[in-house]
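Chain letters run A, B, ... following the sequence lines, proteins first and then strands; every chain starts at 1.
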Amino acid sequence: MAAPESGDGNNGAARMVTLISSDNTRFEVEAAAASLSQTLQLTILDGGGGGGDGIPLPNVDSATLSKVLEYCIKHAPAAANGGAPNATAVDRAELERFDNEFVNIDQSVLYSLIMAAHNLEIEGLQSLVAKKVADMIKGKSPMEIRRTLGFPDPTPEEQAEMNAHMLEYGWAYE
Amino acid sequence: MVGVEALAFSFAGLGWVMVAGFVVWVGRIGWAVVWDELDENMGMVHKVDDGGCLGSALWANSSISCAVVIEVGVLLPGSRVLDSSHVRAGSPFDEMPPKDAAAQGASGGIGCRLNVLPDPILLRVLCHLKAWEAVRTCLLSKRWRSLWASALRLDLRQPCGCRGGGGEFDNHRRAEQFAAFVKHLLFRRRPLLRLDALRLCWSHSAYEGDSDTWITHAVRHGAKKIELSGAHHAGYPLPDYLSFVPGDTSDEMRLKIVKLIRVRLDGTTLTQLCSRCSSLEELELIDCLIEGKEIQSTSLRSLNLISCKFVDDFRLDSSNLVSLRCIRPFGYVPRTQYMKHLVTVTIVLDDLCLRNDRQWPPKEEKKGRIS
């Protein structure tokens with residue numbers, strides 16, 4: 001097994017931690033990237049996840065975790081700079097492009113990402129996936145929203161409620 | 001003793017309701033804290049120029065120039081997948097419960113599964129929607145119906161029909177409908193819920209309320225960011241400064257960011273806004289008609305003045321300013337006091353926008369000002 005070299009974290013710069021997904025796959029990633037997760041941050045600060053041990057994440061499968069880490073690795077340098085102060089327009093544009101492509105994914109993957117971002121408390125990712133779901137709702141009629149998000153067709157009861165609601169807020173549906 | 005138990009038992013139901021209510025409330029506060037710095041849309045500091053100061057800001061004669069410092073970011077190496085192995089027992093994350101009951105068994109679209117997600121996730125989604133887009137989610141399920149109005153950030157940017165060429169009667173009808181809608185929305189919000197940010201277009205006064213009413217509501221509910229745009233209005237509307245100030249002085253002042261687009265700011269409004277909003281840190285004025293003589297504030301840290309029209313001798317006296325942008329001022333160029341904390345300055349002048357009846361003293365010319 002390729003053991004993480006600098007687990008004790010004394011040499012700061014490239015400390016690695018190991019995360020273990022629900023299906024027992026181990027991911028080695030820089031501590032700075034994993035620390036974007038508020039949930040993991042304290043454990044990592046306490047020196048957890050280094051050496052031969054890993055941090056088990058029983059709620060996140062390997063496919064989702066690799067996607068989450070892809071996001072974290074990309075965003076870690078900007079976060080390390082304390083957000084925007086040193087970021088240039090070019091950097092920001094690059095991150096934006098990455099984000100747009102990142103959420104261009106299948107709905108089931110998106111759902112897993114929402115849950116993972118929520119459980120791991122990764123602020124930027126939570127915002128990003130929420131925005132993606134919001135984009136799926138924007139500019140659509142209620143029926144289109146239902147179809148886009150895969151809601152079942154409304155029952156006659158629900159349909160009646162919908163009609164009453166649309167009457168009440170008529171102008172919002174123009 | 002038995003009596004006490006019976007009493008306790010009879011109130012058990014009520015007790016649980018109260019406990020549940022408290023947990024929900026605490027949860028919401030927790031999320032509110034997490035959301036504090038969420039807003040990227042209304043953030044107002046745009047770092048175009050880096051490390052400059054007033055004296056060294058660069059511009060070319062009658063052309064628009066921006067200095068952009070380009071840095072090349074170094075990407076971290078990708079994560080490596082190691083071989084699967086043991087899972088250490090006793091980790092804090094073993095206890096992390098699967099919060100999504102439906103995640104295991106649900107199939108089909110994302111919608112059914114979204115339905116059972118925790119409130120904070122759905123509220124986050126609603127934050128990205130305008131109010132009349134959010135109201136449509138009511139038609140998805142009961143769950144959304146209880147949530148749609150309660151997002152921490154409200155986007156009510158419904159432009160008035162002034163410049164759209166609609167008839168006066170039609171515009172008035174729409175204004176009334178919209179005001180009724182907003183009133184209903186504010187009424188439907190969960191009680192005691194904080195409102196973090198409000199974005200508005202100027203609205204004509206209607207029986208059920210207008211933009212000043214809604215700003216007042218937001219400020220009283222702890223708003224940090226307020227944006228008001230008069231861009232679709234025929235003239236330059238004058239906002240009521242009192243709506244930005246909490247009525248009761250004991251209220252905590254949380255308003256930090258104000259963004260005003262295409263409004264008129266007379267002397268009283270500007271002075272009162274800057275002096276009475278003691279927590280105001282960022283002010284952005286875009287395309288505004290500034291009739292006041294000065295901006296004076298000790299709390300302001302970031303000031304953006306974009307395409308604003310100034311009067312002669314307009315003074316900027318804000319000693320704690322860290323970032324200043326003054327892009328294409330019309331009429332006259334603001335005069336600034338010495339600001340020792342200033343880190344970032346961007347000034348763009350355009351001769352075509354400036355009046356030529358102003359003689360700059362030689363001292364100002366040294367700083368690179370042109371008239």
Side-chain angles (χ1 to χ4, degrees), chain A residues 1-2 18 20 23-30 32-33 39 43 53-59 66 69 73-74 76-77 84-91 94 107-108 110-111 114-115 118-119 121 123 126-127 130-131 133-134 137-139 142 145-146 149-152 162 165 169 171-173, chain B residues 34 38 40 45 47-48 50 68-88 91-94 96 98-100 103 108-115 117-118 120-121 124-133 135-141 174 177-178 181:
Chain A
M1 190 180 81
T18 307
I20 304 166
D23 43 4
N24 273 1
T25 310
R26 296 171 71 91
F27 291 83
E28 195 191 30
V29 63
E30 285 198 7
T39 317
T43 312
D53 303 332
I55 304 174
L57 303 170
N59 283 344
S66 69
L69 291 178
I73 289 163
K74 190 75 183 177
N86 293 327
T88 63
V90 178
D91 281 343
E94 161 67 15
Q107 283 201 4
S108 60
L110 181 63
Y111 178 83
I114 292 173
M115 284 316 297
H118 179 67
N119 286 333
E121 293 179 55
E123 179 58 38
Q126 281 180 297
S127 203
K131 191 162 182 302
V133 177
I137 294 174
K138 269 181 198 168
I145 297 174
R146 287 187 83 101
L149 294 181
F151 275 80
M162 283 170 73
H165 184 271
Y169 296 105
W171 73 269
Y173 296 96
Chain B
V34 173
L38 171 66
E40 56 286 285
V45 187
K47 306 287 183 198
V48 175
D50 194 13
V68 178
V69 180
I70 299 173
E71 290 169 12
V72 181
V74 182
L75 301 179
L76 287 175
S79 66
R80 275 182 285 152
V81 179
L82 306 180
D83 55 335
S84 64
S85 179
H86 69 284
V87 176
R88 182 163 55 94
S91 141
F93 300 98
D94 290 349
M96 204 157 69
K99 290 173 190 163
D100 50 328
I110 194 173
C112 312
R113 294 191 279 169
L114 275 180
N115 241 350
L117 290 182
I121 296 184
R124 235 173 224 275
V125 171
L126 289 167
C127 269
H128 291 281
L129 296 172
K130 288 202 170 82
W132 50 95
E133 289 166 336
V135 73
R136 294 177 193 182
T137 62
C138 283
L139 301 181
L140 294 176
S141 72
R174 284 189 73 85
Q177 277 178 332
F178 183 63
F181 168 74

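- To the nearest 0.5 Å, atom NZ of residue A:K131 and atom SG of residue B:C127 are 12.5 Å apart.
- The two atoms that bring B:P118 and A:H118 nearest to each other are CG-NE2, 3.7 Å, heavy atoms only.
- The minimum heavy-atom distance linking B:L117 with A:Y111 is given by the pair CD2-OH, 3.5 Å.
- The minimum heavy-atom distance between B:R124 and A:Q126, with the atom names listed, is NH2-OE1, 3.5 Å.
- In this structure, B:R136 CZ and A:R146 CZ are separated by 15.0 Å, a value rounded to the nearest 0.5 Å.
- Put simply, the side chain of A:I137 reaches to within 4.5 Å of the side chain of B:V125, judged on heavy atoms.
- Taking every heavy atom of both residues into account, B:H128 and A:A134 meet most closely at CB-CB, 3.4 Å.
- Note: B:E133 CD to A:I145 CD1 = 8.5 Å, rounded to the nearest 0.5 Å.
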